[in-house]
Amino acid sequence: MLKSILITIAIVAVVAIIYFLVSGARLKKAVITLTQEEFIKGYRKAQLIDLREAKDYEAGHILGARNIPMTMLRQRYKEIRPDLPVYMYDQNSGRSARTALFLKKRGYDQLYMLDGGFSKWTGKIKRKN
C-alpha cells in the first residue's frame, strides 16, 4: 500500500517537473524578458501595451502605453500590429507571459516583457486625473 502511494507521488512529481520544463521552454521561445534598462532602450520604437485592467492603468502607467487588458485580449489583439515589436507589461509579469504565448500562436514574433512588471518600474509614469 505504502509502496504504491510512493510510486504515485513520484509519478506525479515527474509529470509536474516535465510540465514546468516544457512550459519554460515554450515561454523562452515566445518572449524575451527585459530588465527595466533594456525595456527603456526599446519601448519608444515599439508598441507599448499595458495588460492591466483599466482602473489600474488609470491609477498610473508607463508613459506612452496603450491599455489592452488581458481580459479583453481575445477581442482586441488585432489592434496590435504583428510586424512591429510588442513591449508589454502587467503588474508582476505573469499575464505578460501568458499573453506572449497567446500572441506567438497568432504569428507575433517580436515579443518583449518587462521583468517584474509595473510593480518594479521606477521610470516615468502618467496618471489619469
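Computed from a predicted structure; not experimentally measured.
For the pair Phe39 and Trp121, the minimum side-chain heavy-atom distance is below 4.5 Å. Considering only heavy atoms from C-beta on, Tyr87 stays 4.5 Å or farther from Ile62 through its side chain. Contact annotation: the side chain of Leu114 never approaches that of Ser96 to less than 4.5 Å [non-hydrogen atoms, C-beta and beyond]. Between Ile49 and Val86, some side-chain heavy-atom pair lies under the 4.5 Å cut-off. A heavy-atom distance below 4.5 Å is found between the side chains of Ile68 and Arg66.
Taking each heavy atom of Gly123 and Gln36 in turn, the nearest pair found is N-NE2, 3.4 Å. Between Pro85 and Ala46, the shortest heavy-atom distance links the atoms O-CB, 3.4 Å.
Put simply, Tyr77 and Val31 are part of the same group of oily side chains (I, L, V, M, F, W, Y) that touch within less than 4.5 Å, one to the next. Put simply, Val15 and Ile7 are part of the same group of oily side chains (I, L, V, M, F, W, Y) that touch within less than 4.5 Å, one to the next.
Under the side chain to side chain contact (heavy atoms under 4.5 Å, CB included) criterion, Arg81 pairs with Gln47, Asp83, Leu84, not counting sequence neighbours. Looking at residues two or more places apart in sequence or on another chain, you find no side chain to side chain donor-acceptor pair (under 3.5 Å) involving Asp56. Scored by the side chain to side chain contact (heavy atoms under 4.5 Å, CB included) test, Arg74 finds Phe102, Arg106 as partners (sequence neighbours excluded). Residues passing the side chain to side chain donor-acceptor pair (under 3.5 Å) test with Gln110, sequence neighbours excluded: none. Scored by the side chain to side chain contact (heavy atoms under 4.5 Å, CB included) test, Ile5 finds Met1, Ile9 as partners (sequence neighbours excluded). Shown here are the side chain to side chain contact (heavy atoms under 4.5 Å, CB included) partners of Lys126, two or more places apart in sequence or in another chain: His61, Leu63.
A side-chain contact (heavy atoms from CB on, under 4.5 Å) with Pro69 holds for exactly one of Arg52, Arg95, Glu53; it is Glu53.
Although no hydrogens or angles enter the test, the distance criterion places a donor-acceptor pair under 3.5 Å between the side chain of Asn67 and the main chain of Asp50. Tyr43 contributes no side-chain N or O that, together with a main-chain N or O of Glu38, makes up a donor-acceptor pair within less than 3.5 Å.
Ring pair Tyr89/Phe118 is parallel by interplanar angle, where below 30° counts as parallel and above 60° as perpendicular.
A donor atom on one side chain and an acceptor atom on the other are not found under 3.5 Å apart for Asp115 and Thr35.
Salt-bridge formation is not detected for the pair Glu58/Lys55: no Lys NZ or Arg NE/NH1/NH2 atom is positioned less than 4.0 Å from an Asp or Glu carboxylate oxygen.
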How far apart are the C-alpha atoms of Met88 and Leu48, what are their side-chain angles, what is the distance that settles it, and do they pass the side-chain contact (heavy atoms from CB on, under 4.5 Å) test? CA-CA 6 Å; Met88 64 188 109; Leu48 180 58; over 6 Å; no
Hey, mind stepping through Glu79 and Arg76 against salt bridge (Lys or Arg N to Asp or Glu O under 4.0 Å) and telling me if it holds? CA-CA 6 Å; Glu79 295 175 27; Arg76 295 184 57 194; 2.9 Å; yes
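Of the inter-residue distances, the one linking Met70 atom CE with Asp90 atom CG reads 8.5 Å to the nearest 0.5 angstrom. Taking CG of Leu101 as the reference point, atom CG of Leu111 lies at 9.5 Å (rounded to 0.5 Å).
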